[in-house]
Amino acid sequence: MRHRASILAMVLVLPLLLAMGGAGQPVKKQEPLVLKSEQLPFQTKEFYVAEVVDERPNPKAVAMLVSAVTPTGVPQPVDFQGGSVMAIKKYIKESFGHNPKARPIIMRLKEYQVVEKPMAGGRAEGQIQISAAFEVQREGKRLHLFNYKSGARYARPVNSLSVVEPTLRKTLSESLRYLTGWIDKEAAHNEKLAREIKVTFEDHRVHLDDDTLFYDPNRPLRWSDFQGGSRLSQNFAASVFPGLSNDIQSTVENGVIHIKVNTKPYILRSLSKVLPDARNEYTLNHEQRHFDLLKLVTEHYKQRLRPEKLNLEDYESIIRYQYLEALWEMDRLQKAYDGETNHGLNRAVQEKWNQKIDQELRELKIKM
């Protein structure tokens, strides 16, 4: 009796094990897609893709594919062989020009995936979306250039994947085509793509019969320039009020930022005053030296604006700051000059300042 019971138990259990084994058999997984390199018909010398940053919501699947071996028709995740980012980097490097001396471009991949849905008649429809932000890397910083978005559709038999990889590859190559056309068009005049700075200076020396007198080494101060009268606020023989302004213009040509600085050291005739009995050569020289010091400050300002002291990222703020530095230097120098010479009353110290100023003017080739 015990022997029969054992045999019966085994017979009942065996069909159950067989049923479980059939139902629990794992569904065959789809092999990874292989992104094929190709020789793209468009190339450029203006840039190279230095980095691809994956910012996709689902970085582990470039495709959600309907499979013939999935009875439910639920799309299954499939990635490129080696992973999406590695495959894309390899494709770009092998299919597109790579010149490390050109501009480095960063591709921030926001979206890149095909999602399929089952259709009647054993077919599947796929929709691809690609979205990316492109940046240029310059002086250690990344500058946003533009956002790109595109897509594509296809239909296929569920038992054939031949259309999937070529369509994914096409959407990727089209993003590179657009990038190439955009940069080739913008490279010459877009400031973000500039690779060099050149600075030129121009001294404003327009002589007009108006209130403003601009510095000119060939046109020193005259007593006729002192048109502010003889009522001085303190017991001075004469006084001038120097000032410095400048005009800045910048243009981009052939990838070079050209900065033109028009400096305008000046005095205002209406604020220049002299006592009636102080119109002599010594007093005029003292006031001329105030004007000369302003010119030296202007030259120091120019030296601080040499291209190697600027940078492409924020040259405008550097120029503004250096202009403020020039105004502070002007104030310090003018006060030091008047303080040490006692407003010209100390003739010995005045002569030292005369020599010091003349020497620097000669070194700067302003005065021969």
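Position 1 is the first residue of the sequence, and the numbers go up from there. Since this is a predicted model, take the numbers as computed values, not measurements.
A 4.5 Å side-chain heavy-atom check between Val114 and Val62 finds every atom pair outside the cut-off. Put simply, the side chain of Pro41 reaches to within 4.5 Å of the side chain of Arg177, judged on heavy atoms. The side-chain heavy atoms of Phe291 and Val240, taken from C-beta on, include no pair separated by under 4.5 Å. At a threshold of 4.5 Å between non-hydrogen side-chain atoms, the residues Leu168 and Leu33 count as touching. At least one side-chain heavy atom of Lys192 sits under 4.5 Å from a side-chain heavy atom of Leu145. With contacts defined as side-chain heavy-atom distances shorter than 4.5 Å, the pair Leu268/Phe241 does not qualify. Looking at Trp182 and Asn190, their side chains come closer than 4.5 Å, going by heavy atoms from C-beta outward. The shortest distance between side-chain heavy atoms of Phe47 and Thr180 falls below 4.5 Å.
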> Could you go step by step and tell me if Ile318 and Asp314 meet the side chain to side chain contact (heavy atoms under 4.5 Å, CB included) rule?
Replying inline: CA-CA 7 Å; Ile318 294 175; Asp314 58 354; 3.9 Å; yes
>> Run Tyr315 and Ile319 through side chain to side chain contact (heavy atoms under 4.5 Å, CB included) and show every step you take.
In response: CA-CA 6 Å; Tyr315 68 89; Ile319 292 174; 4.1 Å; yes
>> Run the side chain to side chain contact (heavy atoms under 4.5 Å, CB included) test on Gln249 and Thr251 for me, step by step, so that the C-alpha distance in whole Å, both residues' side-chain angles and the decisive distance to 0.1 Å come before the verdict.
In response: CA-CA 7 Å; Gln249 293 181 335; Thr251 57; 5.9 Å; no
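Glu125 places no side-chain N or O within 3.5 Å of a backbone atom of Met119 that could act as its donor or acceptor partner. Using modelled atom types, one side-chain atom of Tyr282 and one backbone atom of Gly344 make a donor-acceptor pair closer than 3.5 Å. The main-chain N or O of Ala61 is found under 3.5 Å from a side-chain atom of Gln113 such that the two form a donor-acceptor pair. Put simply, the side chain of Glu55 never gets that close to the backbone of Arg108: no donor and acceptor are under 3.5 Å apart. Judged by distance alone, the side chain of Tyr323 and the main-chain N or O of Leu244 form a donor-acceptor pair under 3.5 Å.
Between Tyr337 and His290, the angle of the ring planes goes over 60°, which puts this pair in the perpendicular group of the 30/60° scheme. Between Tyr148 and Tyr178, the two ring planes are tilted [angle within 30° to 60°]. Under the 30°/60° scheme for interplanar angles, the aromatic rings of His98 and Tyr48 are found to stand perpendicular.
Under 3.5 Å, the side chains of Ser272 and Asp225 contain no donor-acceptor pair of N or O atoms. At a cut-off of 3.5 Å, with distance as the only test, no side-chain donor of Gln359 or Gln355 sits close to an acceptor on the other residue.
Within 6.0 Å of CZ in Arg231 there are 12 or fewer heavy atoms belonging to other residues, nucleotides or ligands.
For Phe80 and Tyr91, the distance between ring centers is not under 6.0 angstrom.
Separating the NZ atom in Lys149 from the CD1 atom in Ile130 is a distance of 11.5 Å, to the nearest 0.5 Å. If you take CE on Met64 and CD on Gln76, they are separated by 7.0 Å, rounding to the nearest 0.5 Å. Expressed to the nearest 0.5 Å, how far NZ of Lys260 lies from CG of Asp247 amounts to 9.5 Å.
Counting only residues at least two apart or on different chains, the salt bridge (charged side-chain N to carboxylate O under 4.0 Å, His left out) pairs with a member in residues 275-298 are Asp203-Lys295, Arg289-Asp292, Arg289-Asp358, Lys295-Glu299.
Across Arg142, Lys89, Lys93, a single residue satisfies salt bridge (Lys or Arg N to Asp or Glu O under 4.0 Å) together with Glu51, and that is Lys89.
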